[in-house]
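Below is one structure, written out as structure tokens, with a few remarks after it.
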Amino acid sequence: MSVSMAENESTSKIQLPADINWEMLDKSKFFFLGAALFSGVSVTLYPIVVLKTRQQVMSKQIPCLKMAVSMLRSEGYRGFYRGFGTSLTGTIPARALYMGALEMTKSNVGTVTNKLGLAEASSSAIANAAAGLSAALAAQLVWTPVDVVSQRLMVQGSGNSSCGVVGLKYYNGGIDACRKIICSDGLRGLYRGFGISILTYAPSNAVWWGSYSIAHRVIWSSIGGYFCKKDDECGYTPNGKAMVAVQGLSAALASGISALVTMPLDTVKTRLQVLDDQEWCCSSSNSRRRPTILQTVRNLVKEGGLGASYRGLGPRWTSMSMSAITMITTYEFLKRLSTKNQESFV
């Protein structure tokens, strides 16, 4: 049974649970449970992020599976979790900023668009896109330094690979990496690639949340009625499994769009943050200066053409899809756990 059929029968329709906005949440529970749940997600997905990062800094293309086998033989399982402690330590406050900005913006923008008389679908898409944009901007203040340090730790051990990695230093943990970066580049070194990070993650989040909102509604309107049960009082009510399945499918579709659009920017960002002295250019006075975005792009094209900017697309697409599916289902579950009045939403 489709939604249109449901609507034709006594004007019945699918009754999705009401969205939980910022005012409905118990903030302390929301941030505490969020840190715990998303830390678990990070543990699961981190090895894929390591593979993606290493592929992006290689001077030659190497299949993902071959790289994983090589890492396992030479570094063991620990190789897949290089820099994880640093990443997790920084991810907790960054995630708190992200979730706070996301919910506050979504609630406020949604209120404004509703007052303007926009259709519910348009209002939701605009509010979600604006929320994703502001959340990325807020989180990057913390995430960029964490990325710079953790990504440098991720690629350690790959320098002896036959694939070739340009300009890697050795660090004895996150604190040592942070100290050496500050000593050589100052605090600016921790924010290397900050501008392109904003250019990568802000549009990506806006596209993802906007696409997710649209995909979610399209899926429910096209096939959602087949997964609902008739309720004489409320119309057609979806069961819990159907809601999770639609959330996951919507997240995967949104991730595919975001990954394709932003992959070249992500590769350039990673190289700016990870590659060191050998990638630096010398001016006429023989003083070192940091490579620009344009110079980094030229180096990529010289190594492997335009296709070089898509190195690591497979792991990134997989990581984004898995992360998005687990994130959105975990996030919706988290919001329901964190409501002030549980009886109204369970």
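We number each residue from 1, following the sequence as shown. Below, each value reflects all heavy atoms present in this structure, side chains not excepted, and no hydrogens, waters or symmetry copies. Predicted model only: the values in this text are computed from it and were never measured.
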I'd like to know if the side chain of [X] pairs up with that of [Y] as donor and acceptor (distance under 3.5 Å, no hydrogens or angles considered).
X: W208; Y: S255; result: yes
X: Y331; Y: E103; result: yes
X: T270; Y: T53; result: no

Any donor-acceptor pair under 3.5 Å from [X] side chain to [Y] backbone:
X: S184; Y: I181; value: yes
X: Y310; Y: L260; value: yes
X: S70; Y: K66; value: no
X: S124; Y: A121; value: no
X: T105; Y: L102; value: no
X: S211; Y: A254; value: no

Interatomic spacing from [atom1] in [X] to [atom2] in [Y] - rounded to 0.5 Å:
X: S87; Y: D147; atom1: OG; atom2: CG; result: 7.5 Å
X: L334; Y: T329; atom1: CG; atom2: OG1; result: 11.0 Å
X: S321; Y: L253; atom1: OG; atom2: CG; result: 9.0 Å
X: L190; Y: I182; atom1: CG; atom2: CD1; result: 4.5 Å
X: T113; Y: N108; atom1: OG1; atom2: CG; result: 10.5 Å
X: S123; Y: K115; atom1: OG; atom2: NZ; result: 12.0 Å

Stepwise side chain to side chain contact (heavy atoms under 4.5 Å, CB included) check, M243 with W220: CA-CA 9 Å; M243 290 186 64; W220 275 119; 4.0 Å; yes
Check: F84 and L153 side chains under 4.5 Å, non-hydrogen atoms: no
Test item: K269 and Q151 side chains (from C-beta on) under 4.5 Å apart, heavy atoms: yes
Steps toward side chain to side chain contact (heavy atoms under 4.5 Å, CB included) verdict (L337, F30): CA-CA 8 Å; L337 285 179; F30 179 65; over 6 Å; no
Decide whether [X] and [Y] are clustered together by the hydrophobic rule: side chain heavy atoms of Ile, Leu, Val, Met, Phe, Trp, Tyr closer than 4.5 Å, transitively.
X: V301; Y: V268; result: yes
X: M154; Y: L51; result: yes
X: V50; Y: L88; result: yes

If you look at every heavy atom in [X] and [Y], which pair is closest and at what distance?
X: I219; Y: S250; result: CD1-OG, 3.4 Å
X: D266; Y: Q56; result: OD2-NE2, 2.9 Å
X: L133; Y: A202; result: CD1-CB, 3.4 Å
X: V109; Y: A127; result: CG1-CA, 3.7 Å
X: G83; Y: S150; result: O-CB, 3.8 Å

Residue pair R311, E303: steps toward the side chain to side chain contact (heavy atoms under 4.5 Å, CB included) verdict: CA-CA 11 Å; R311 286 176 184 165; E303 289 173 13; 3.3 Å; yes
Exceeds 12 heavy-atom contacts within 6.0 angstrom, atom CD1 of I175: no
Parallel, tilted or perpendicular: rings of Y46 and Y81 (30°, 60°): parallel
NZ or CZ of R188 within 45° of Y191 ring axis and under 6.0 Å: no
